[in-house]
Amino acid sequence: MLKIYNTLARDKQDFKPIEPNKVRMYVCGMTVYDYCHLGHARVMVVFDMVYRWLKASGYDVTYVRNITDIDDKIIKRAAENKESIHTLTQRFIDAMHEDADALGVQRPDHEPRATQFVPQMLEMVAQLEKNGLAYQAADGDVNYAVRKFEGYGKLSGKSLEDLRAGERVEVASDKNDPLDFVLWKHAKDGEADEVKWDSKWGKGRPGWHLECSAMGSELLGKHFDIHGGGADLQFPHHENEIAQSEGAHQCQYVNYWMHNGFVRVDNEKMSKSLGNFFTIREVLKKYDAEVVRFFILRAHYRSPLNYSDQHLDDAKGALTRLYTALKSTSVRAEPVEAHESSQGRSPSTDSGRTGLVDWNDSYAQRFKAAMDDDFNTPEAVAVLFDLANEVNRNQSVEAATQLKALAGVLGLLQRDPQAFLQGKSVAVVSSSAEAEIVRGEEYINAQIEARIAAKKSKNFAEADRIRKELLEAGIVLEDTAAGTTWRRA
RNA sequence: GGCGCGAUAGCAAAUCGGUUAUGCAGUGGAUUGCAAAUCCAUUUAGCCCAGUUCGACUCUGGGUCGCGCCUCCA
C-alpha cells in the first residue's frame, strides 16, 4: 500500500483515496512573470513523478496545477516592460510549457489561470463574509479574520501567539489583526483596467491565496485527496488556503499535504530574492534535459537538492550507464526496432509503457515497494541500476525490457540509447569552430571507416592516432562485436 | 526570539536494530592489437557524548554544526 508523508500529520500515512480508485490532486504552480528556474523544475518533475506513479498504480487521477497570472510582481514587470499583463503572462506560460515539455513533464489535466476564476473567488469571499470570517477594512481591502478560524496554524505547526511573538515591524495597515491576510485588494489609482474586476466590495483584484482555494474546489471539489507544492508554500500560503476553504465550505479541505524540498546553491536555498537561481533554459543549454530530470529524481523529493555542475556531471555519468546497458541489447533486438522505426512509429512515446512492466518480477516488486514508500525514487533508481547490471551480465533482453519499462514509469530512458549517447556534449560545447567541424557526424563516420581500414592493414599506429584525435574532440570510440560505435564523452 | 528539518564513506544518496544499498571516483583482475564499455573482486561510512539493548548508523536524551519557515518565494 502507498504511504505518503503528510505534512498535516508530520508522518507517513497509508494513502486512502476519498473515492475508490480515484485521486484528485492539486499542485501550486508558477507565477508567470519570468522564466522558470531549477526550483520550479523540481516541483514540476516531482509532482509529475507522483502523477505517473498514481496512474501506474491504477488510479484514475485528476491533476490540477494552477497558473498565477495576476499579482503584484506581474503588474510591476508589465509596467517595466511597457506591455500588457496578458502579453507578459502568455509569453511566460509558453516558456514554462517549453521547459516542462523538455523535462518530460506531462501536462496536468487542468491548468487553470487565476484570471479565469475571479467570479468563483468572489463567491468564496461572499461565503466567508457570510460565515463571519471576512471583513472589509477602512482602506477597502477585504481581509480574512484569522483569529476567527479555529485551527489556524495546523498545517505549519504555528500558533497565532508564536506568530505574533516573532512578528516583524509591520507597516501601518487597516487590518483588525496583523496576521489577517487580504482576500480582495481594492483597486488603486493609476492601475490599468486589466487588473481591475468589479465586485460588491468595489473594484479590485484577488489576493494571492484565494485563487488556489477557489480553483481547487471548482475543479476538484470542496474536499480532495492531495495538495502539493514547494516547502516554502507551507506557510503562509497553504495555511491560508485551508483557512479559506474550510472556513467557506465548513468541511475538510485536503487529506494529504505534500511539500517538496528546495533546490540549493552552495547550501543555500535557490530563490529569486537571493538572486542565486539558474533558469531551466540556461541549464538546458549545458545539460541534456533528461539528465536534469534524472538529477532531480535521484534525490528524495523531500530532501534538499544541491545544484552544481559537478552534480549534474555525476548524474550524466550515471544515466549514461543505464543507456549503455540498453544499447548493448538493442543490438540484438535490432530487426524489430528497425522495422518499427521504418514505419515512422515514435520510438519514445512513454504513454502505455507502464503496461509493459512485469510486476511479478522481483526487481519490479522492489521498485514498487520503494515507490509506495513515500515515492522513494532514489531507491527505485537503485533498482534500475541493479537491473542494468543484470542486463550487462547476461545480455538479457527480458531484463532490458523490464529496465526500460520501469524507468518509463519515472519518465526516464525512453529515448533511443544511441540518440542519448551521441547527444550534445557537455565538455566541448564551447570550443572552436574547428572542433565543431571535427565533431560533425559525417566526419566522425569517415574517421571510423578510415580507422577500420587502418586496423585491417594492421596499421595500429594510425588507428590509435584517429582514436586519439576523436577523443580530444570529445568522441569516444568503442569497438564491439557488432562493429565500432561512438558516443560523446 | 518562536517553530521545524537534517548531519551516512573522496563526492552524491537510500535502506535497515544483527546479513552487499546504489551511482561516480580509487585499487586489483578478466576482457581488448591498444582502448572504451562490460564483468568479477576490493579500499573509503554513519557529527560528538550518554542511555536502552545480547547487539545501534538505525531507538531515547543532551550537545555541536548546517538549513528552512515566521515577508514575496516552488
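If you're wondering where the values come from, they're calculated on a predicted model, not measured in any experiment.
A cation-pi geometry, defined here as NZ or CZ lying under 6.0 Å from the six-membered ring centre and within 45° of its normal, holds between Lys158(A) and Phe235(A).
The stretch residues 64-77 of chain A touches RNA chain B through Lys73(A), each having a heavy atom within less than 4.0 Å of the strand.
Nucleic acid contact class of Asp479(A) (heavy atoms, under 4.0 Å, all strands): base. In this structure, Leu233(A) reaches the sugar-phosphate backbone alone: every heavy-atom distance under 4.0 Å involves primed, P, OP1 or OP2 atoms, never a base. Among the atoms of the strands shown, base atoms are found under 4.0 Å from some heavy atom of Lys158(A). Within the nucleic acid shown, Ser303(A) comes within 4.0 Å of sugar-phosphate atoms alone, with no base atom in reach, counting heavy atoms only.
With both ends at atom P, the span from G51(B) to A9(B) equals 25 Å, rounded to whole Å. Only the C1' atoms considered, U43(B) is 7 Å distant from U27(B), to the nearest whole Å. The separation of C57(B) from A45(B), taken at their P atoms, amounts to 13 Å, rounded to a whole angstrom. Comparing the P positions of C59(B) and C65(B) gives a spacing of 23 Å, expressed to the nearest Å. U52(B) and G62(B) have their C1' atoms separated by 15 Å, with the value rounded to a whole Å.
A search for side chain to side chain contact (heavy atoms under 4.5 Å, CB included) contacts involving Ala364(A) returns Val357(A), Trp359(A), Asp361(A), Gln402(A), Leu406(A), not counting sequence neighbours. Checked against side chain to side chain donor-acceptor pair (under 3.5 Å), Asn376(A) has no partners two or more places apart in sequence or in another chain.
Judged by distance alone, the side chains of Thr279(A) and His37(A) never bring a donor and an acceptor atom under 3.5 Å apart.
Two rings, from Phe278(A) and Tyr307(A), have their centers less than 6.0 Å apart.
In this structure, Cys36(A) and Asp99(A) approach most closely via the heavy-atom pair CB-OD2, 4.0 Å.
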